[in-house]
Amino acid sequence: MSANLANQERLRIFGLLSPAYLWLTVAIFLPLSAMLYFSFLSDVPFGDADWRHTTENYQAFFQTKTYATLLWKSIRLGLTVTAVAVLVGFPCAYVLAKTIKGRSREALFLLVILPFWSNSLVRIFSWAIVLRGNGVLELGLNAILPFQVDVNLMFSTPAVVIGLVHSYLPYVILTSYLALQAIDDNLIDAARSMGANKLTILWRVILPLSLPGLLAGAVLIFVPVVGSFMEPRILGGRVGTYYGTVIEDQFVAVFNWPLGAALSFILLAVVLLILAVASPVLKRAQT
């Protein structure tokens, strides 16, 4: 009797999960399989193209130093954007979770998720209007300050970082907010009653308990930022050449899909390797 109930429970769980796994298979693994196949071709298998199977696309990464240089540049960009987003997002999440209550929290929470409601290109070009010379930022500062300032951050690395932080900041705020909401306020009150100051409570109680959400948000930011191309191309100009922009050029401008696919899989392998190396350290930090 118990075995039949267990089998029925397994079938019910399988029936509930199968649509999600089917969607993941179609939406993720099928395109990745096609990309993997393309990465081992000498040319696109369309029309009268003369193509063959080869590993030259992967060899090109190791033979051309530019690709490795741009990959390292993209990794540094990902680390910078993640660090800035964490430093800005965690205090915001703490204020939302532990300080502000009622409708004020709902209004601020709405402002946090507002970037998700707008198109990414709209956000990027909005920053271009703000950061360019004689733009909104420069005009606003000159209207307030008693002296003239020249603010032109367009086509620079800070402009790229600002645009990316604005795009991905909600991830770390939302994940940290959920983790902070799960912390019992009685623990904080108990630490305060035992004489712990605010810094000690933050370092010994709040941060360790909210670390899983903070790390989840950091991963959600780092992974897409490393391969980003819209913000670097529009806000960075000449200095906005990164690994992601090179991959985009292979697909859009050069029409060299096999090389673009190979570079994409190398990026995927490097990101997975970084996460695998960092995983034991992150697990140790949570214990």
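Just so you know, these numbers use all the heavy atoms, side chains as well, and skip hydrogens, waters and symmetry mates.
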- Message: Could you check whether any side-chain heavy atom of I221 comes within less than 4.5 Å of a side-chain heavy atom of V81, counting everything from C-beta outward?
- Response: yes

- Query: Should N197 and I201 be marked as a side chain to side chain contact (heavy atoms under 4.5 Å, CB included) after you check the CA-CA gap, both sets of side-chain angles, and the distance that decides it?
  - Reply: CA-CA 6 Å; N197 56 34; I201 294 174; over 6 Å; no

- Report the C-alpha distance between W257 and F255 in whole Å, list the side-chain angles of each, state the deciding distance to 0.1 Å, and finish with yes or no for ring pair (Phe, Tyr, Trp, His ring centres under 6.0 Å). CA-CA 6 Å; W257 290 16; F255 202 66; 5.3 Å; yes

- Message: Could you go through Y58 and F40, starting from their C-alpha distance and side-chain angles, then the distance that decides it, and tell me whether this counts as ring pair (Phe, Tyr, Trp, His ring centres under 6.0 Å)?
- Response: CA-CA 8 Å; Y58 291 94; F40 288 101; 5.1 Å; yes

In residues 82-97, what donor-acceptor pairs under 3.5 Å come from side-chain atoms, sequence neighbours left out?
| unit_1 | atom_1 | unit_2 | atom_2 | d |
| --- | --- | --- | --- | --- |
| T82 | OG1 | G78 | O | 2.6 |

- Query: Is the backbone N or O of Y243 less than 3.5 Å from a side-chain atom of S74, with the two atoms forming a donor-acceptor pair by type?
  - Reply: yes

- Query: Which heavy-atom pair separates L235 from A159 by the least distance, and what is that distance?
  - Reply: CD1-O, 3.4 Å

- Item | Y37 and H53 aromatic ring geometry - parallel, tilted or perpendicular at 30°/60° bounds | perpendicular

- Message: For L263, is there any backbone N or O sitting under 3.5 Å from a side-chain donor or acceptor partner on N57?
- Response: no

- Closest heavy-atom contact between S39 and A262? CB-N, 3.6 Å

- Message: If you define the side chain from C-beta out and look only at heavy atoms, does anything of I75 sit under 4.5 Å from V270?
- Response: yes

- Item | Y67 and F61 aromatic ring geometry - parallel, tilted or perpendicular at 30°/60° bounds | parallel

- Quick one: closest heavy-atom pair of L121 and N119, and the distance? N-OD1, 2.8 Å

- For the side chain of K73 and the backbone of A68, is there at least one donor-acceptor N/O pair under 3.5 Å apart? no

- Message: Does any part of the side chain of F155, heavy atoms only, come nearer than 4.5 Å to the side chain of R238, both counted from C-beta?
- Response: no

- Task: Flag yes if F29 and V271 sit in one hydrophobic cluster, no otherwise; membership is Ile, Leu, Val, Met, Phe, Trp, Tyr, and two members link when side-chain heavy atoms are under 4.5 Å apart.
- Result: no

- Decide whether W72 and V246 are clustered together by the hydrophobic rule: side chain heavy atoms of Ile, Leu, Val, Met, Phe, Trp, Tyr closer than 4.5 Å, transitively. yes

- Heavy-atom side-chain contact between W51 and V44 under 4.5 Å: no

- List the steps and the verdict of side chain to side chain contact (heavy atoms under 4.5 Å, CB included) for N186 and D189. CA-CA 5 Å; N186 292 328; D189 294 336; 4.2 Å; yes

- Message: Checking K98 now: which residues fulfil salt bridge (Lys or Arg N to Asp or Glu O under 4.0 Å) with it, not counting sequence neighbours?
- Response: D185

- Query: What closest approach, in Å, do P232 and T245 show between heavy atoms, and which atom pair accounts for it?
  - Reply: CB-CG2, 4.2 Å

- Looking at residues at least two apart in the chain, or sitting in another chain, which of them share a salt bridge (Lys or Arg N to Asp or Glu O under 4.0 Å) with R52? E56

- Item | Q148 backbone acceptor or donor facing N142 side chain under 3.5 Å | no

- Task: Could you tell me which non-hydrogen atom of D249 sits nearest to which non-hydrogen atom of R233, and how far apart they are?
- Result: OD1-NH2, 2.9 Å

- Message: Within the structure provided, determine whether N256 and D43 are in side-chain contact (heavy-atom separation under 4.5 Å).
- Response: no

- side chain to side chain donor-acceptor pair (under 3.5 Å) between Y242 and S228: does it pass, once the steps are laid out? CA-CA 8 Å; Y242 288 88; S228 61; over 6 Å; no

- Is any side-chain heavy atom of Y177 less than 4.5 Å from a side-chain heavy atom of V112? no

- Item | Worked verdict on L267 versus I247 for side chain to side chain contact (heavy atoms under 4.5 Å, CB included) | CA-CA 10 Å; L267 174 62; I247 294 176; 4.3 Å; yes

- Query: Hey, quick one: are M35 and V26 part of the same hydrophobic cluster, counting side-chain heavy atoms closer than 4.5 Å, chains of contacts allowed?
  - Reply: no

- Where F265 and L32 come nearest, the two heavy atoms and their spacing: CZ-O, 3.2 Å

- Item | W203 atom CH2, neighbour heavy-atom count above 12 within 6.0 Å | no

- Task: For T66 and T69, run side chain to side chain contact (heavy atoms under 4.5 Å, CB included): C-alpha distance rounded to whole Å, both residues' side-chain angles, the deciding distance at 0.1 Å, then the answer.
- Result: CA-CA 5 Å; T66 304; T69 302; 5.6 Å; no

